[in-house]
Amino acid sequence: MTSLGILAAEMTNTEVWVTNSFFLAIAAVSILAALKMVTTDNVVHAALYLLIVLAAVAAVYVILGAEFAAATQILVYIGAIMVLLLFGVMLTRAQIGSETDLDHDQKWIGALISVVLAAVMGYSLWEAFSDAKLPDNRVPQGTEAVADSIFGIYIVPFEAISVLLLAALIGAVVVARRD
Amino acid sequence: MFLNQFLFLAAILFCIGVYGVLTRKNGVLVLMSIELILNAVNINLVAFGSFNQDIAGQVFALFIIAVAAAEVGVGLAIVLLIYRNRRSIDVSEADLLQG
């Protein structure tokens, strides 16, 4: 039975239908915003389109039942990284508005590479996982389980990440400091 | 819910990010495209974590978010340094290593 046939049969279930509709809306919004982000000629607009993509990814996490990852996505990406990128725009170029010289001349090579990449990945995903379904009785992976896991078996990588963040902080300060 | 619908979304976002990295000349826009790529990978991790009912996917996604924060901090410091030295953040002009 083809995947599309299973999908049609599944659509009779109201809950799944609602979830799938939400997913399709979120996916369409995020893909359109990502396309606008890489083609717009305004750096600030690109940052705002990236904001939409990041929020849509957080919504995808919620659909998958990963509530802590969604909260972290909003706090870290939308709260911190976005502000950092806008600071970068502000500090490197005072001009707010359309610019003409943001892209390379040979854009078609990049487009060709990404289309080929999409075709290869799409084909292999279709071959490998076309029948794989998320379990119907799946439970949301809550914050408690994440905390148990991070401060249990993943305590060593967690400490390594802490040291890495400290090193990156000091490194960024040293590199960007005016002498 | 199919696993593939999440994987396809992630693959499409990844390819759009690759296009951005390859075509943009502005250093800050290249960093934004890299963030897009990292987010696409995170969707994959969380989707497989939900598929296998294993918490490891979400934990690894959190690690990637932390590494992305470090990466964008250092990356922006480098971009600022290039701007200060050359009055331009055009990455195609930073070609001192070319003979």
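In what follows, chains are A, B, ... by sequence order, proteins preceding strands, each numbered from 1.
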Chain B: which of [options] shares the most heavy-atom pairs with it under 4.5 Å?
options: A/Ala128, A/Ala66, A/Pro140; value: A/Ala66
options: A/Gly171, A/Ala111, A/Ala80, A/Gly65; value: A/Ala111
options: A/Leu54, A/Ile31, A/Ile150, A/Leu169; value: A/Ile31
options: A/Leu112, A/Ile113, A/Leu125; value: A/Leu125
options: A/Met121, A/Arg138, A/Lys107, A/Arg177; value: A/Arg138

Donor-acceptor contact below 3.5 Å, side chain B/Arg84 vs main chain A/Thr92: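 No; zero donor-acceptor contacts below 3.5 Å.
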
Heavy-atom neighbours of A/His45 NE2 exceed 12 at 6.0 Å: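 Not buried by this count: 12 neighbours or fewer within 6.0 Å.
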
Test side chain to side chain donor-acceptor pair (under 3.5 Å) applied to A/Gln73 and B/Asn42, step by step: CA-CA 10 Å; A/Gln73 171 90 4; B/Asn42 267 350; 4.8 Å; no

Any chance you could lay out the side chain to side chain donor-acceptor pair (under 3.5 Å) test for A/Asn20 and B/Gln5, step after step, and finish with the verdict? CA-CA 9 Å; A/Asn20 269 329; B/Gln5 61 197 68; 3.0 Å; yes

[X] portion near chain B, given a 4.5 angstrom heavy-atom threshold:
X: A/Phe68; result: both
X: A/Val53; result: side chain
X: A/Tyr77; result: side chain
X: A/Ala47; result: both
X: A/Val174; result: neither
X: A/Val76; result: side chain
X: A/Ser162; result: neither
X: A/Ser124; result: neither

Is [X] close to chain A through its backbone or its side chain, or both, or neither, when contacts mean heavy atoms under 4.5 Å?
X: B/Leu7; result: both
X: B/Ala56; result: both
X: B/Leu62; result: side chain
X: B/Phe14; result: side chain
X: B/Ile55; result: both
X: B/Ala68; result: both
X: B/Val46; result: both

Minimum heavy-atom distance between [X] and [Y], given as atom pair plus value:
X: A/Val38; Y: B/Gly20; answer: CG1-CA, 3.7 Å
X: A/Gly110; Y: B/Thr23; answer: CA-CG2, 4.3 Å
X: B/Arg24; Y: A/Thr39; answer: NH2-N, 3.5 Å
X: B/Glu35; Y: A/Leu50; answer: CB-CD2, 4.4 Å
X: B/Ala70; Y: A/Ala168; answer: CB-CB, 3.6 Å
X: A/Leu64; Y: B/Ser50; answer: O-OG, 3.5 Å

A/Ile63/B/Met1 under side-chain contact (heavy atoms from CB on, under 4.5 Å): CA gap, chis, key distance, verdict: CA-CA 10 Å; A/Ile63 289 179; B/Met1 300 287 279; 3.6 Å; yes

Rounded to the nearest 0.5 Å, what separation is found between the [atom1] atom of [X] and the [atom2] atom of [Y]?
X: B/Leu36; Y: A/Tyr49; atom1: CG; atom2: OH; answer: 14.5 Å
X: B/Lys25; Y: A/Asp105; atom1: NZ; atom2: CG; answer: 6.0 Å
X: A/Thr40; Y: B/Leu29; atom1: OG1; atom2: CG; answer: 9.0 Å
X: B/Leu13; Y: A/Met37; atom1: CG; atom2: CE; answer: 10.0 Å

Residue pair [X] / [Y], side-chain heavy-atom distance below 4.5 Å:
X: B/Phe6; Y: A/Leu134; value: yes
X: A/Ser149; Y: B/Gln58; value: no
X: B/Val18; Y: A/Leu117; value: yes
X: B/Ile16; Y: A/Ser114; value: no
X: B/Tyr19; Y: A/Leu35; value: no
X: B/Gln53; Y: A/Val139; value: yes
X: A/Phe87; Y: B/Leu76; value: no
X: A/Leu85; Y: B/Val28; value: yes

Going by the angle between their ring planes, with limits at 30° and 60°, are A/Tyr154 and B/Phe63 parallel, tilted or perpendicular?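 Perpendicular, since the angle between the ring planes exceeds 60°.
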
Establish whether A/Val115 and B/Leu9 are linked, either directly or via other cluster members, by ILVMFWY side-chain heavy-atom contacts under 4.5 Å.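 No.
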
Heavy-atom pairs under 4.5 Å with chain A - which of [options] has more of them than the others?
options: B/Asp54, B/Val59, B/Asn39; answer: B/Asn39
options: B/Ala47, B/Ala61, B/Ala10; answer: B/Ala47
options: B/Ile65, B/Asp90, B/Val74; answer: B/Ile65
options: B/Val72, B/Leu80, B/Val21; answer: B/Val72

A/Phe129 and B/Phe51 aromatic centres sub-6.0 Å: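 Not under 6.0 Å, so no.
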
Decide side-chain contact (heavy atoms from CB on, under 4.5 Å) for A/Ser130 and B/Asn4; before the verdict, give the C-alpha distance in whole Å, the side-chain angles of both, and the deciding distance to 0.1 Å. CA-CA 6 Å; A/Ser130 58; B/Asn4 245 348; 4.3 Å; yes

